[in-house]
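What follows is a short report on a single structure.
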There are 2 protein chains.
Amino acid sequence: MADRSQYEELARQISAIGAVKRGLARVLPAQCPSGSAAALALVGRYGEMRMSRLAELLAVDMSVTSRHVAHVVDRGWIERSPDPDDRRSRILRITPAGEELLDDMARRTTDMFARTLKDWTDEDVGLLNTLLARLRDCVTEKEVHGYDHTNRCAGRPRQDT
Amino acid sequence: MADRSQYEELARQISAIGAVKRGLARVLPAQCPSGSAAALALVGRYGEMRMSRLAELLAVDMSVTSRHVAHVVDRGWIERSPDPDDRRSRILRITPAGEELLDDMARRTTDMFARTLKDWTDEDVGLLNTLLARLRDCVTEKEVHGYDHTNRCAGRPRQDT
DNA sequence: TATTGTTATACTCTATAACTATA
DNA sequence: TATAGTTATAGAGTATAACAATA
């Protein structure tokens, strides 16, 4: 358990991370705002999935997911077909045009980071990724399932100090 | 310099951190939305400052800062007095009521983290804080001072294409 | 002329609630 | 009845631009 002042600092860091997020959004093409880009990236990377799964990965409400998906479907980057196993559901799949756009966006964002994080090592970036994944997992698990999940935080096997 | 796939992963982590941010926002009192809370916290912890300094610490445009500050000033949590040294500027200072609210909010957010990050060590949290501060610093420095502005078309927030 | 700060406007992201269709 | 997904609506956060006052 960390000191309270560390938690206060973490709250400030989280609330200030928006600046980085906006830096990332600025390098995206105008036709694909960051919410749509996130949806496209997840469908592109994890493969075909249903709306509910995507909403879970995006960590937003399904109504929000629905809007983002509608945007990318309208532009032909994702294909939304009925699920034969459950006709209430729809299967999302990236299209060739979507793959092309996704590659382009990945190139832009990695270029941005390669430029701005020039002096970070691979380990630095990897560590930050791990900690962020673990943070999100802990906070969202707690929100959903209530109170005692002390041993469920993912991201890496804990080493007892 | 890190591997490109690490950068792609970082982009996804950053875009998903909103879930944590919203978890934080949910524990705040309804009268004080997260933008105002951030402004109050910075003035409360760093002491009196001018609008421009607060905008820098918040990492948002001064117009946005102005709105958040107006909100907290209206509610008597921050006092906004003219700067005798430069009458264009205004000095922000937290009020006793603001201190009280800030203490309450700090208690709520640290309680939330103490509950959800129960198995994180002080070093874990400290390391994440350090990496986040460094990340923000690198990204925002580049935006302002960096050499490559080819993607920063003036007057337009995004690239086309 | 340049800088500090405010206001008007517009856009993105988000959740809640009401709704449709299917299980 | 319950669940998957859509749409309407409302609220928060943000940036740009036009503006006022002062340096």
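Sequence lines set the chain letters: A, B, ... in the order given, protein chains first and strands last, and positions in each chain run from 1. Just so you know, these numbers use all the heavy atoms, side chains as well, and skip hydrogens, waters and symmetry mates.
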### Query
Near DNA chain D, which residues from residues 81-95 of chain B have a heavy atom under 4.0 Å away?
B/Asp86, B/Arg87, B/Arg88
### Query
With A/Glu48, which residues qualify under side-chain hydrogen bond (donor to acceptor under 3.5 Å, both in side chains), at least two apart?
A/Arg93
### Rounded interatomic separation in angstrom, taking NZ from A/Lys21 and C1' from C/dC11
16 Å
### Query
What are the residues of residues 32-40 of chain B, sorted by number, that bring a heavy atom to within less than 4.0 Å of DNA chain D?
B/Pro33, B/Ser34, B/Gly35
### Query
A/Glu100: what forms a salt bridge (charged side-chain N to carboxylate O under 4.0 Å, His left out) with it, not counting sequence neighbours?
none
### Query
Only one of A/Val125, A/Asp124, A/Leu131 clears side-chain contact (heavy atoms from CB on, under 4.5 Å) with A/Leu127; which?
A/Leu131
### Query
Is any side-chain heavy atom of A/Met112 less than 4.5 Å from a side-chain heavy atom of A/Leu24?
yes
### Residue list, side-chain hydrogen bond (donor to acceptor under 3.5 Å, both in side chains) with A/Arg88, at least two apart or on another chain
A/Asp86
### salt bridge (charged side-chain N to carboxylate O under 4.0 Å, His left out) involving B/Arg107 - partner list, sequence neighbours excluded
B/Asp104
### Summary
side-chain hydrogen bond (donor to acceptor under 3.5 Å, both in side chains) filter on A/Arg67, not counting sequence neighbours, yields none
### Query
Which residues within residues 52-76 of chain B lie with some heavy atom under 4.0 Å of an atom in DNA chain C?
B/Ser52, B/Met62, B/Ser63, B/Ser66
### Task
Using a cut-off of strictly less than 4.0 Å between a heavy atom of the residue and any atom of DNA chain D, enumerate the qualifying residues of residues 8-17 of chain B by number.
none
#### Entry: A/Gln31 CD - C/dT12 P separation (whole Å)
11 Å
### Message
When you compare the side chain of A/Phe113 with that of B/Leu10, does any pair of heavy atoms fall below 4.5 Å?
### Response
yes
Counting only pairs under 3.5 Å, give me each side-chain donor-acceptor contact of residues 32-47 of chain B, with atom names and distances, residues two or more places apart or in other chains.
from    : atom 1 : to      : atom 2 : distance (Å)
B/Ser36 : OG     : B/His71 : ND1    : 3.1
B/Arg45 : NE     : A/Glu8  : OE1    : 3.1
B/Arg45 : NH2    : A/Glu8  : OE1    : 2.7

#### Entry: Same apolar cluster (I L V M F W Y, side chains within < 4.5 Å links), B/Ile91/B/Ile78
no
### Task
Rounded off to whole Å, could you give me the CG-to-P distance for the A/Leu28 and C/dT12 pair?
13 Å
### Task
Kindly write out the residues that satisfy salt bridge (charged side-chain N to carboxylate O under 4.0 Å, His left out) with B/Asp61, not counting sequence neighbours, or none if the list is empty.
none
### Query
Between A/Ile17 and B/Val64, is there a shared hydrophobic cluster once you connect ILVMFWY residues whose side-chain heavy atoms come closer than 4.5 Å?
no
### Message
Which residues pass the salt bridge (charged side-chain N to carboxylate O under 4.0 Å, His left out) test with A/Asp3, not counting sequence neighbours?
### Response
none
### Message
Output the rounded distance in Å from CZ (A/Arg26) to P (C/dC11).
### Response
18 Å
